[in-house]
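Single-structure report; data block below.
For the numbers below, each heavy atom of this structure counts, side chains included, while hydrogens, waters and symmetry mates do not. Count residues from 1 along the sequence.
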Amino acid sequence: MPSSTIPINHINSLFYLCSAKLSKYKMISFSSFKFTLLLPLMVGCLMAASASNFNNDFDITWGDGRGKIGNNGEVLTLSLDKSSGSGFQSKNEYLFGKIDMQLKLVPGNSAGTVTAYYLSSKGSTWDEIDFEFLGNLSGDPYILHTNVFSQGKGNREQQFYLWFDPTADFHTYSILWNPQSIIFSVDGTPIREFKNMESIGVPFPKNQPMRIYSSLWNADDWATRGGLVKTDWTLAPFTASYRNFNADACVWSNGASSCKSTATSTNSAWFSQEMDSAKQQRLQWVQKNYMIYNYCNDANRFPQGLPPECSMS
């Protein structure tokens with residue numbers, strides 16, 4: 001945006017918002033700053049402080065008006081009633097990236113509802129990385145369902161309870177996807193890692209660009225206690241909210257990646273990022289205390305033997 005189009009009072013507000021960050025450089029005091037010296041820092045700070053705009057990044061794709069973008073593009077909501085749910089998708093496709101989204105889930109009795117937030121490609125041999133939030137009766141926790149599909153094959157479910165109420169406030173749900181691994185995180189805490197194990201014959205999503213999708217829909221035939229608890233339509237409409245989307249990612253366009261020449265640079269540290277020991281400890285804490293299902297522990301489901309990646313985890 002040209003500087004001439006920014007009201008001066010807006011610049012002043014943003015300046016003071018950024019002052020705490022800029023003061024650490026201690027180049028000169030803010031009472032006698034030289035604007036030309038601080039301009040590069042101001043630009044970087046303002047870019048970091050600016051919120052994402054759902055109008056620029058996403059399209060509402062179904063729901064007959066039940067999906068809405070509001071507050072000048074800062075908030076998106078999806079709603080579900082007895083007639084229909086709703087959904088959206090990203091304008092861009094990505095091939096590797098760090099994707100963050102803040103969600104606030106359907107409050108109260110959400111039994112029968114599913115809020116899905118995921119990456120997916122197209123075709124019969126698609127790749128997919130899933131967060132799905134399975135609603136429940138009031139007072140019972142949501143189930144966070146995760147899955148990874150590669151070349152059309154999934155069946156890699158892990159499920160968790162959360163250590164907070166995901167309906168009371170917004171929380172950040174992240175997918176780090178690089179050539180080495182896929183890491184699912186909640187508020188910066190890793191809950192699951194799916195490593196690239198092509199060396200032992202396990203397909204890994206790495207060749208198909210994916211869009212971001214989300215939907216709120218009725219799944220009371222299976223979502224809550226195997227379908228025993230149905231959706232209470234007297235409580236409709238059910239609404240989930242989204243904000244603060246961020247994609248530090250490789251955009252795929254016209255058969256080429258925006259990261260072709262910069263993927264290994266310091267500006268894209270996520271491209272080679274792995275979990276350090278502290279993150280590994282947090283992952284183990286979550287899986288010990290909050291994991292309620294792991295396909296790698298379900299021998300009855302795989303009578304011919306557990307999937308090969310289970311022996312490596």
If you take all heavy atoms of [X] and [Y], which pair is closest and at what distance?
| X | Y | result |
| --- | --- | --- |
| Val114 | Ala219 | CG2-CB, 3.7 Å |
| Lys91 | Phe58 | CE-O, 3.6 Å |
| Asn178 | Phe271 | CB-O, 3.2 Å |
| Gly112 | Asn218 | O-OD1, 3.4 Å |
| Ser84 | Gly63 | OG-CA, 4.0 Å |
| Arg225 | Asp140 | NH2-OD2, 2.8 Å |

Is the closest side-chain heavy-atom distance between [X] and [Y] below 4.5 Å?
| X | Y | result |
| --- | --- | --- |
| Tyr118 | Ile212 | no |
| Val186 | Phe160 | no |
| Glu193 | Ser181 | yes |
| Met210 | Asp127 | yes |
| Leu76 | Phe245 | no |
| Pro307 | Tyr295 | yes |
| Glu274 | Lys279 | no |
| Gln180 | Lys195 | no |

### Message
How about CG on Asp276, more than 12 heavy atoms from neighbouring residues, nucleotides or ligands closer than 6.0 Å, or not?
### Response
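For Asp276, atom CG is crowded (more than 12 foreign heavy atoms under 6.0 Å).
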### Query
Is the CG atom of Asn56 crowded by more than 12 outside heavy atoms at less than 6.0 Å?
yes
Salt bridge present between [X] and [Y] (N-O < 4.0 angstrom):
| X | Y | value |
| --- | --- | --- |
| Asp232 | Lys230 | no |
| Glu309 | Arg156 | yes |
| Glu157 | Arg301 | yes |
| Asp59 | Arg211 | no |
| Asp81 | Arg66 | yes |

Between [X] and [Y], does the ring centre distance come in under 6.0 Å?
| X | Y | value |
| --- | --- | --- |
| Phe133 | Tyr173 | yes |
| Trp62 | Trp217 | no |
| Phe149 | Trp126 | yes |
| Phe164 | His171 | yes |

Going hydrophobic residue to hydrophobic residue with side-chain gaps under 4.5 angstrom, can you get from [X] over to [Y]?
| X | Y | value |
| --- | --- | --- |
| Ile129 | Trp270 | yes |
| Tyr213 | Leu119 | no |
| Leu137 | Leu144 | no |
| Trp177 | Val202 | yes |
| Leu105 | Phe170 | no |

For residues [X] and [Y], is any side-chain donor paired with an opposing acceptor at under 3.5 Å?
| X | Y | result |
| --- | --- | --- |
| Ser79 | Thr239 | yes |
| Asp187 | Thr189 | no |
| Asp298 | Tyr293 | yes |
| Asp100 | Thr172 | no |
| Tyr242 | Ser214 | yes |

Main-chain N/O of [Y] paired with [X] side-chain donor or acceptor, under 3.5 Å:
| X | Y | value |
| --- | --- | --- |
| Ser110 | Pro107 | no |
| Ser150 | Pro203 | yes |
| Thr224 | Gly135 | yes |
| Ser258 | Val251 | yes |
| Asp165 | Thr167 | yes |

### Task
Test Phe238 against Thr231 for side chain to side chain contact (heavy atoms under 4.5 Å, CB included), laying out the working first.
CA-CA 10 Å; Phe238 303 97; Thr231 304; 3.6 Å; yes
From [X] atom [atom1] to [Y] atom [atom2], the distance as rounded to the nearest 0.5 Å:
| X | Y | atom1 | atom2 | result |
| --- | --- | --- | --- | --- |
| Glu74 | Asn55 | CD | CG | 10.5 Å |
| Leu95 | Cys259 | CG | SG | 9.0 Å |
| Gln158 | Cys296 | CD | SG | 7.0 Å |
| Leu216 | Phe88 | CG | CZ | 10.5 Å |
| Cys310 | Asn294 | SG | CG | 6.5 Å |
| Thr125 | Gln151 | OG1 | CD | 6.5 Å |

### Message
Is there a side chain to side chain contact (heavy atoms under 4.5 Å, CB included) between Trp285 and Tyr290? Walk through the geometry before answering.
### Response
CA-CA 8 Å; Trp285 173 79; Tyr290 295 98; 3.6 Å; yes
## Note on the structure
Which of Leu176, Asn246, Ile175 passes side chain to side chain contact (heavy atoms under 4.5 Å, CB included) with Lys98? It is Leu176
### Task
Verify side-chain hydrogen bond (donor to acceptor under 3.5 Å, both in side chains) between Glu198 and Asn196, making sure each step is shown before the conclusion.
CA-CA 6 Å; Glu198 291 177 305; Asn196 184 336; 3.3 Å; yes
### Task
Give the C-alpha distance, both sets of side-chain angles, the deciding distance and a yes or no for ring pair (Phe, Tyr, Trp, His ring centres under 6.0 Å) between Trp252 and Tyr94.
CA-CA 5 Å; Trp252 185 265; Tyr94 305 96; over 10 Å; no
### Query
Would Tyr117 and Ile99 satisfy side chain to side chain contact (heavy atoms under 4.5 Å, CB included), going step by step from the backbone distance to the final call?
CA-CA 11 Å; Tyr117 162 58; Ile99 310 295; 3.5 Å; yes
### Task
Assess whether side chain to side chain contact (heavy atoms under 4.5 Å, CB included) is satisfied between Met275 and Ile183, documenting all intermediate values.
CA-CA 9 Å; Met275 287 195 293; Ile183 300 172; 3.6 Å; yes
